[in-house]
Amino acid sequence: MAEKPLKVPILLDPNLPSSPSTLPIIPSHIASWLLPSSSSEAGPSRRTALACADNTIWIHTAPTSTSKENVQSPGNIPFITTQAASSPSSPRRNRPTASRNLSYSGRPRNTSSASSIAGKRRTSAFSPPPSALQLPTTTLSSVSASAAGPDQHTHRGSVSDRHDLRESLEKQKERREDGSSMIGLGIGGIGRRGLVGLHGREEQDERDRDRSGATSPKSFVSSTSNETTSNRFGFFGRNSLSADNDDSESQVGNRENEEKIKEVQVDLEMEKETREDRKSSQDRRLIENLISERSPTIPSNLIPPPTGRKRVKEGKGDDVQRIVLRDVGKGKIVQMKVFEEVDSLVVLRDEGLLDIFSLTTLHQTAHIELESPEEAKSSSSKQGLKVPLFWSWKGTYLARKDNIFMFVAHGLPWPCALPSPNGEVTRVVMISPTPSGVGMDIAARLELPGEGGIAICNNDDESYLMHCTPTSLTSYPIIFPSSAPSTTATPALKASPQIRAVSSAFSSPYLRSSTPDPSAQRSRESSLRKSASYTHLKESASSPLLGDHPKEDREKEKGFAKFLARRDWGRKGKEDEKPEEPSPGIGEGKEVERDGGGGWDGIAVHGQNEGAGWKDGSIDVFWTDGKKLRIRGNVSLPSGQKMQSVEFTNGWKCLTIQSENECHVYHITEEFKGPKGRLANIKFDNSTILDATSGSSLDSSGSLCYATPDEIKLVNIVRKDGEAQSLLRLKESSEHSRVARIATSSVESVFTSDSTGNVIARSFANVLAKATSATSANDDLTIDRLDSPVTCLTTIAAGADEMTKEYLVAGDEDGVVRIWTTSPFKLCGSWTLFADPVKDVASLNMPQAGPLHGCALVTSREGTVGLISLKEMDDLFLIPASRTPLRRIFIEQKDILLAYANGKARVWNTQTQEFRRSTGLDAAEDMLQSGDWAEVLLSRTEEGSALSPLSYVPPETKDLGRLLSFDLRELGRWLHSSKNNPSHSPLAALRSLLSVFLTFSVDEKVDEICTSNLGIHKPDMSILTGQSESESDIFNYAQGVDVWSVSPVMTGLRQLAIVTLLRPFLDSPDHERWAAEVIAYYTASLPPTTIEPDLQFFAEYYMDSSTDVHQAARMLFSARVGRMSGAEIDATVEVGQENLPSKLPPATRSSDVAANALTMLGGIALNKFETMQPSVLKSIAESVSIFLHSTSFSHLSLAIEICSKGFTTWQSYIDPSDLLRRLFHLSTHKDFASSTGNGISIAAQARLAVLHVASSNPALFMSTLSMDILDAKSVEGRTSIMKLCVYMARKKPNVLENGLPRIAEAVVKSLDPNIGKMRDDVWQAATVILNELVLAFSTIDFHSGTQRLAVGTHEGAVIMYDLKTASRLYVIEPHKHPVSAVTFSPDGRRLITVSLEEGNVTVWKVGSSLSGFFNVGAPPRQGGEKGGPFKRIEFIRADDGPLDSTSALSDIQISWPGNRQARINIKETALTFET
């Protein structure tokens, strides 16, 4: 699942309304509609949208007492679904338990389930889940929700020197031993840290002595023992490799070392995750205790039902919101239209940007770039750059058929003095919901002959697109997409369709027959396709839009080429016979049969086939069904009036005409009926003229909303005597802020400009301190200030990666450009490049820039381009502007290609400094495809910044220059980079950001903590935070405590930002307590008026790639679940369980919906599984198992997280061994060792899960592990399991202790020489695991000379294995209590065993003897009583305190001063004796 951006828009010092009913704007477009009420008691609200010249939309919502207005029921509205939020993968966090400190007499034994601590379960926001086996009691498992703590002892191969190991492994890539690597020492050549065999403990002993000053707890081997690996293990193993195989052996060695390097990287990732997890668990426990001390102040009736339904504020008076459109600096708004039938507000800009918002929620449902290039049909890997034609877009319309709808947009060639290369055509783009039903996409791109307006005629059975040109009125039947969204949609629906040239049947404006001659029709089509205006179009002989084709074409379609083109070879024959569904678009065009009219500049059709056409101050009203048109009446405006829009109500009862400064309202005065009672002719009178009206909007009920210079008024024009009422007042405010524009260098330092041209470097905290009394000297006029207001302020980077320098570039209204270095802030140069304002700046850092690499490219608003060398700080040349706007710039070494809105392109040669070519965009695209060009991206912000300004600020704005985008994920990356710099503290920058999100004057205690203890102060300026949807920003003009009652999403977003920003304070001992207090308040003790976020909101970020974000989201998720009642949880489960992967068909199990459902219900189960039904828990467990076998890393990450944290619950519903085996595979397979997008590999994550499972159910872990070593289905599987044993021996040896004999025996049996293939495949892995076991446990020892392996058991026995034959030799019984240590003498003829519980040491003869030849399978004769040891020595420890678990590794040290003299140290006790 792809992560959606997590950015919070911040508007500093905005132009605030003086009151909710007074807005500081001058609107250019207006729209109004009634908003139905979700409550039966409250009436509908009137919502008014006002579009401004700066491409922002102000939304004013006010309750209305009008109860008789027609309000469409929301149940009949076909909503457009927005893109579902993803739950991306993220690192895992396990909760550590308290470390165990057991005496040697109380060491853990084999258990069948996790131990539990009985006690009363404390319910809180972060209560961990009890064990599933304890239902329905309230006891709390000690391990079900937390991972075991670190071992008291450290493994002798600690990770402290893993970096050194990586370097040594890199050096070993060129080296490989010639001799055979044998079992034991020889195989030990692949051991960690360069251990040469199992016997090489003297090297480890030296390191241990250097590190701790003590000898190794294992037996001592003389440093004089320098036998080679092959000499020690020459009894068996692989033969020596010949010289002919040296090359292949070297390759194998390199591959092995690369795998080891990956293993080290995985271990380092795990170490980092473990540290962060431990700290996170401590923080959560602290916050949990603080939350339990507070009484939640949010009553249950304010918690919204968990069904995803958003509550709308009611009864609170006026509400003001502001939408900043995506790419706000591009184009101008030409239309803002309400389509109540589909709950959509559509905003169109002249450059082809279409934004669609929901009328009820104001959420953005789609953002469409109408001029986006088409998707290539070829499978070529090199697609190249594309330059689609540019158009001037005019309007959008709605086409409907049954329950299917499409938006239709049309545009004309960009106006210019010369003929357009686009030809005299009208561009039409159709937009429909995607096949999945989520969002919208372009369904068809069309070009109609002739320039003119279009209208949509929607009939009951068919819909038509009517195209009106000066010479024709053509109607085209609309072809709609399939009504049923399907995941297996045809490629025609998924891919962008090809441009199709559509011809009309008749070009005459006069009345024609509706059934033209087909032969004449084809003749006209042929001539149209060959016309000059269509030379740039792609012809398609198979297009269904051009009518029938010749017979020979149809025969070719059925020929051998079609047979070869088939892709569905596996389908049944019946499916081949199904006809293909037509692509969305239009059918054959025909001239409309009419009795007059035509040649209009604009046309509109709606209602019951009622329409109007207008031109030169004259309006014709007509009836049409898409095939015929009948004129019904005419209206004329006074001379000199230019019409902007025409609207009318049903039956033309009222008609409004908006001119430049007036709105004319007409009513029907006379009606004449025809022979069949139909309306034949009507007359209008101009009853009302609304003066000084800049815009108007008429809805279906007859309510006219219009704008005057001072206010927005509403009047019902159906009633002639209706009085206009004021909706809101308009009062344009003057610029009041000392900050006009802002650019960022980092989270801490920014640059600002003021209205006088000053450019100042300051900290972000200083920007927020608005008080004039604290004005610094930097606010004075500077000597290098610009002479006019700044129009462009941005930072750019130039130079190579290691020599990158950052510059600040500022341009003003006079065309002056100045450049500073950002660190230090120093002026580099100033140039007067243009005669008009500076618009954009871009850095030429791409390789294709050639000699211009590292230069700055500057553009003006008129399209002039200037180049400045940042190395020499000199202007190079200017490229003159064109008559039409500059749209795109490309560069290739010495050539710069400029594409203009009129469809022309010019190529500038940087050497001759002149234009060498002018061509159309089609030829320009051919140049881009054939060469190595790169696009110069204008109006783009640098990626990777946590705080970034608006890329391009519209010149008409007053406050958008202070708009910043705060990226929570980038903040996490910045924080982690700051941790690597001990001399730098990020807390100062975090204090400034927190002052933006915290709400002061709500809780005095929290305010005191923030101010006095954390150093966070209330900013001196007003600040608005919003939410970003499809990169459009939505602000709600609420202040103080009201920000918590805006919407559930805004509440959740603010909580997420606050907790994320406060988490670094928890790492400081001076701030930990106070930061936890503030987190506890904003997590669970917000004001009673707060609108709580839905649980789904936090679930969206539960698996976020940013560690700080997903930890904050999980904390808030747990707190939200903790406050939910059982009924709310049941309602949530009921909605989500049907979308679990186990409930869905295989084709849809990998969908985002399934992942979201598993995140939601799995997260609830981890916190309150006892409230869920067993059937639901089973479905969740099955879904986890399904996702564990997924190929998607995000799904795997989610499944591992839920499986690990709730394993004790899931093991009751599915086979736990299968889950564990899958975790084994994920933790050891090489395909999962690479780091994913969340910074941690699946292998590291799975290993942490294995640790957690091993701690919670050691019996299951050991049985599965030992069985899989012998019964693995493949060699790779067996090797992987052995690698896992190595990992466990390093990381968690206490988990393996109880099953150590079983593991040792399984490994030995895998080396059976009678199964040569198996032995050859696993000998390396077996050597490594035996090496690690010997290093990790004092109860196992290996002697290289005799190839013997001794393993002590908890029953007091010692098992002796012979690795040459991979068999068990015999079993001795030296003790009746657990064996604490075993060791061989240097010559291998004596074996010492120690039992701390018995308090004695035994010595055994284990060398070869004559008695062993006659008594096979029995130990040598000891010389004492039968079955007894050679010697038994009693001892009493001086320190009788408890010893650590895992065979007291840190307490027992055995050394051999001689072959027959041993020394045992047990803490303060020392014992020396002869053997």
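Numbers for residues simply follow the sequence, beginning at 1.
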| said: One pair to check against side chain to side chain donor-acceptor pair (under 3.5 Å): R445 and S372. What are the steps and the verdict? | reply: CA-CA 11 Å; R445 294 177 173 91; S372 60; 3.2 Å; yes
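- Not one N or O on the side chain of T693 forms a donor-acceptor pair closer than 3.5 Å with the backbone of G695.
- For H60, the ring pair (Phe, Tyr, Trp, His ring centres under 6.0 Å) test picks out no residue, with sequence neighbours left out.
- Nearest heavy atoms, E647 versus L698: OE1-N, 3.2 Å.
- Salt bridge annotation for R47-D319: absent, with no cationic side-chain nitrogen under 4.0 angstrom from a carboxylate oxygen.
- Side-chain polar atoms of S696 and Q658 form a donor-acceptor pair below 3.5 angstrom.
- The distance from atom CD1 of I404 to atom OG of S432, rounded to the nearest 0.5 Å, is 9.5 Å.
- When each of E451, E447, E371 is checked for a salt bridge (charged side-chain N to carboxylate O under 4.0 Å, His left out) with R427, only E447 meets the rule.
- Residues V328 and P954 are in side-chain contact: their nearest non-hydrogen atoms beyond the backbone lie under 4.5 Å apart.
- Under the 3.5 Å distance criterion, with hydrogens and angles disregarded, a donor-acceptor pair is assigned to the side chains of D355 and Q364.
- Using a 4.5 Å cut-off on side-chain heavy atoms (C-beta onward), E351 and W393 make no contact.
- The backbone N or O of G331 lies less than 3.5 Å from a partner atom in the side chain of N55, making a donor-acceptor pair.
- Note that CG of L359 is 6.5 Å distant from OG of S344, once rounded to the nearest 0.5 Å.
- Between V718 and S701, the closest heavy-atom pair is CG2-O, 3.8 Å.
- Checked against the 6.0 Å centroid criterion, the rings of F405 and F339 do not qualify as a close aromatic pair.
- At a threshold of 4.5 Å between non-hydrogen side-chain atoms, the residues I26 and L730 do not count as touching.
- A distance-only check finds a donor-acceptor pair linking the side chain of D625 to the backbone of K627 [under 3.5 Å].
- Looking at H467 and T426, their side chains come closer than 4.5 Å, going by heavy atoms from C-beta outward.
- The shortest distance between side-chain heavy atoms of S726 and I712 does not fall below 4.5 Å.
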| said: Set out, in order, the CA-CA distance, both residues' side-chain angles and the distance that settles side-chain contact (heavy atoms from CB on, under 4.5 Å) for I431 and D441, then state yes or no. | reply: CA-CA 6 Å; I431 303 104; D441 201 358; 6.0 Å; no
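- How far OG of S21 is from CG of L728: 7.5 Å, rounded to the nearest 0.5 Å.
- With rounding to the nearest 0.5 Å, the separation of OG1 in T434 from CE in M440 is 8.5 Å.
- Without hydrogens or angle criteria, T1148 side chain to S1151 main chain gives no donor-acceptor distance under 3.5 Å.
- Counting heavy atoms from C-beta on, the side chains of F357 and I323 come closer than 4.5 Å.
- The distance between the ring centers of W652 and F622 does not fall below 6.0 angstrom.
- Residues D699 and W33 are not in side-chain contact: their nearest non-hydrogen atoms beyond the backbone lie 4.5 Å or more apart.
- For the residue pair H664 / T656, no side-chain donor-acceptor distance below 3.5 Å is found, with atom types taken as modelled.
- Closest approach of H29 to I333, counting heavy atoms only: CE1-O, 3.1 Å.
- Residues C663 and L704 approach most closely at SG-CD2, 4.1 Å, considering heavy atoms.
- A heavy-atom distance below 4.5 Å is not found between the side chains of L348 and K337.
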| field | Worked check of side-chain contact (heavy atoms from CB on, under 4.5 Å) between F407 and L398 | value | CA-CA 5 Å; F407 287 112; L398 179 67; 3.9 Å; yes
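- For the side-chain contact (heavy atoms from CB on, under 4.5 Å) test, residues two or more places apart in sequence or in another chain that qualify with V1043 are T999, A1038, R1054.
- When only modelled atom types and interatomic distance are considered, T61 and R46 share no side-chain donor-acceptor pair under 3.5 Å.
- Using modelled atom types and a 3.5 Å distance limit, the side chains of R326 and S1028 yield no donor-acceptor pair.
- From S965, atom OG reaches atom CG of D1033 across 6.5 Å, with rounding to the nearest 0.5 Å.
- Ion pairing of K4 with E1100 is present here, as a side-chain N (NZ or NE/NH1/NH2) and a carboxylate O approach within less than 4.0 Å.
- Residues L345 and A31 share a closest heavy-atom pair of CD1-CB, 4.4 Å.
- One side chain, Q335 or T396, offers a donor N or O that lies under 3.5 Å from an acceptor on the other.
- Checked for salt-bridge contact, D350 and K330 miss the test: no charged N lies under 4.0 Å from a carboxylate O.
- Looking at residues two or more places apart in sequence or on another chain, you find a side-chain contact (heavy atoms from CB on, under 4.5 Å) between S463 and N458, I478, F480.
- A distance-only check finds a donor-acceptor pair linking the side chain of S1045 to the backbone of D1042 [under 3.5 Å].
- If you look at F1035 and W58, their ring centroids are not closer than 6.0 Å.
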| query | Given the rule in the side-chain contact (heavy atoms from CB on, under 4.5 Å) test, do V715 and Q725 qualify, once you have shown the distances and angles that lead to the verdict? | reply | CA-CA 6 Å; V715 60; Q725 62 178 12; over 6 Å; no
| task | Determine, stepwise, if the pair V324 / S1032 fulfils side-chain contact (heavy atoms from CB on, under 4.5 Å). | result | CA-CA 6 Å; V324 180; S1032 292; over 6 Å; no
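- Shortest non-hydrogen contact noted between P17 and P24 is CA-CD, 3.9 Å.
- Between the side chain of S659 and the backbone N or O of M643, no donor-acceptor pair lies under 3.5 Å.
- Although no hydrogens or angles enter the test, the distance criterion places no donor-acceptor pair under 3.5 Å between the side chain of Q321 and the main chain of I59.
- For D460, the CG atom counts as loosely surrounded, since its 6.0 Å shell holds 12 or fewer non-hydrogen atoms of other residues, nucleotides or ligands.
- Going from atom CD1 of I1034 over to atom CG of L1024 covers 13.5 Å, rounded to the nearest 0.5 Å.
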